[in-house]
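Below, each value reflects all heavy atoms present in this structure, side chains not excepted, and no hydrogens, waters or symmetry copies. Just so we're clear, the structure is a prediction, and the values are computed from it rather than from any experiment.
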Amino acid sequence: MKCAVLGAGSFGTALSMQLARCGHDVHQWDRKPERAARFQAARENTRYLPGIPFPDGMTVTADVRKTLEGASLVVAVVPSQSMRAVMTDVASMLEPDAVICCA
């Protein structure tokens with residue numbers, strides 16, 4: 001199953017890693033392109049979880065449309081003060097039958 005995780009902090013990364021370890025295709029979105037590129041290149045969240053490598057099946061990107069495309073599960077892990085704005089921005093990109101989880 002393709003899973004989209006919106007947010008690349010420590011909790012979002014931990015959830016992404018666990019979903020990937022369970023065999024899912026995980027696409028994690030970070031709002032900052034340079035940070036997403038750094039995490040993807042290092043294959044770890046060097047900011048919050050240094051030294052813990054990403055499992056196979058997990059990618060990090062700043063392209064929210066690519067993150068959400070075809071995702072059956074969307075896990076929103078953004079700060080509460082940003083949740084409304086982020087979900088409003090991505091609403092039209094969500095798959096019609098996607099399950100949305102707020103973490």
Side-chain angles (χ1 to χ4, degrees):
M1 169 172 57
K2 180 176 178 181
C3 302
V5 177
L6 303 177
S10 57
F11 190 37
T13 300
L15 291 173
S16 293
M17 292 172 75
Q18 185 57 32
L19 287 166
R21 286 181 186 133
C22 290
H24 299 292
D25 178 23
V26 180
H27 295 254
Q28 184 180 28
W29 171 74
D30 190 321
R31 64 186 172 89
K32 294 190 175 183
E34 65 282 352
R35 190 169 55 207
R38 186 172 67 246
F39 291 172
Q40 182 62 26
R43 298 293 302 146
E44 67 179 59
N45 185 324
T46 54
R47 183 174 184 192
Y48 294 114
L49 298 171
I52 304 172
F54 292 159
D56 292 338
M58 180 179 161
T59 61
V60 182
T61 181
D63 184 342
V64 72
R65 186 170 299 280
K66 183 178 176 183
T67 301
L68 293 167
E69 186 177 22
S72 301
L73 173 66
V74 177
V75 183
V77 195
V78 297
S80 58
Q81 66 268 24
S82 304
M83 184 68 71
R84 181 184 301 268
V86 169
M87 295 311 289
T88 298
D89 289 347
V90 305
S92 66
M93 298 177 226
L94 298 171
E95 295 295 327
D97 58 348
V99 173
I100 308 219
C101 175
C102 177

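The side-chain heavy atoms of Gln40 and Thr59, taken from C-beta on, include a pair separated by under 4.5 Å. Counting heavy atoms from C-beta outward, Trp29 and Val90 have side chains that stay 4.5 Å or more apart. Here the side chains of Tyr48 and Thr13 are not in contact, with every heavy-atom distance at 4.5 Å or above.
For Ala76 against Met87, the heavy-atom pair with the smallest separation is CB-SD, 4.0 Å. The minimum heavy-atom distance linking Ala42 with Thr46 is given by the pair CB-CG2, 3.8 Å. Shortest non-hydrogen contact noted between Phe54 and Phe39 is CE1-O, 3.5 Å. In plain terms, the two heavy atoms of Ala71 and Cys3 that are nearest each other are CB-C, 4.5 Å. Between Arg65 and Met93, the shortest heavy-atom contact is NH1-CG, 3.6 Å.
Side-chain heavy atoms closer than 4.5 Å link hydrophobic residues (I, L, V, M, F, W, Y) into clusters, and following such links, even through other members, never connects Leu6 to Leu73. Linking ILVMFWY side-chain heavy atoms closer than 4.5 Å, directly or via other members, places Val74 and Leu15 in two distinct hydrophobic clusters. Residues Val26 and Leu68 do not share a hydrophobic cluster, clusters being chains of Ile/Leu/Val/Met/Phe/Trp/Tyr side chains in contact below 4.5 Å. One hydrophobic cluster, built from ILVMFWY side chains closer than 4.5 Å, holds both Met83 and Val64. By the criterion of side-chain heavy atoms lying less than 4.5 angstrom apart, applied directly or through intervening Ile, Leu, Val, Met, Phe, Trp or Tyr residues, Met1 is grouped together with Val77 in one hydrophobic cluster.
Using modelled atom types, one side-chain atom of Asn45 and one backbone atom of Ala8 make a donor-acceptor pair closer than 3.5 Å. A donor-acceptor distance shorter than 3.5 angstrom exists from the side chain of Arg43 to the backbone of Pro55, with no hydrogens or angles considered. Listed for the Glu95 side chain is a donor-acceptor partner under 3.5 Å among the backbone atoms of Gly70.
With a 6.0 Å radius and a threshold of 12 heavy atoms from other residues, nucleotides or ligands, Gln18 has its CD atom above the threshold. A 6.0 Å sphere centred on CZ of Arg21 holds more than 12 heavy atoms belonging to other residues, nucleotides or ligands.
Tested against Val5 for a side-chain contact (heavy atoms from CB on, under 4.5 Å), the candidates Met17, Gln28, Met58, His27 yield a single pass: Gln28.
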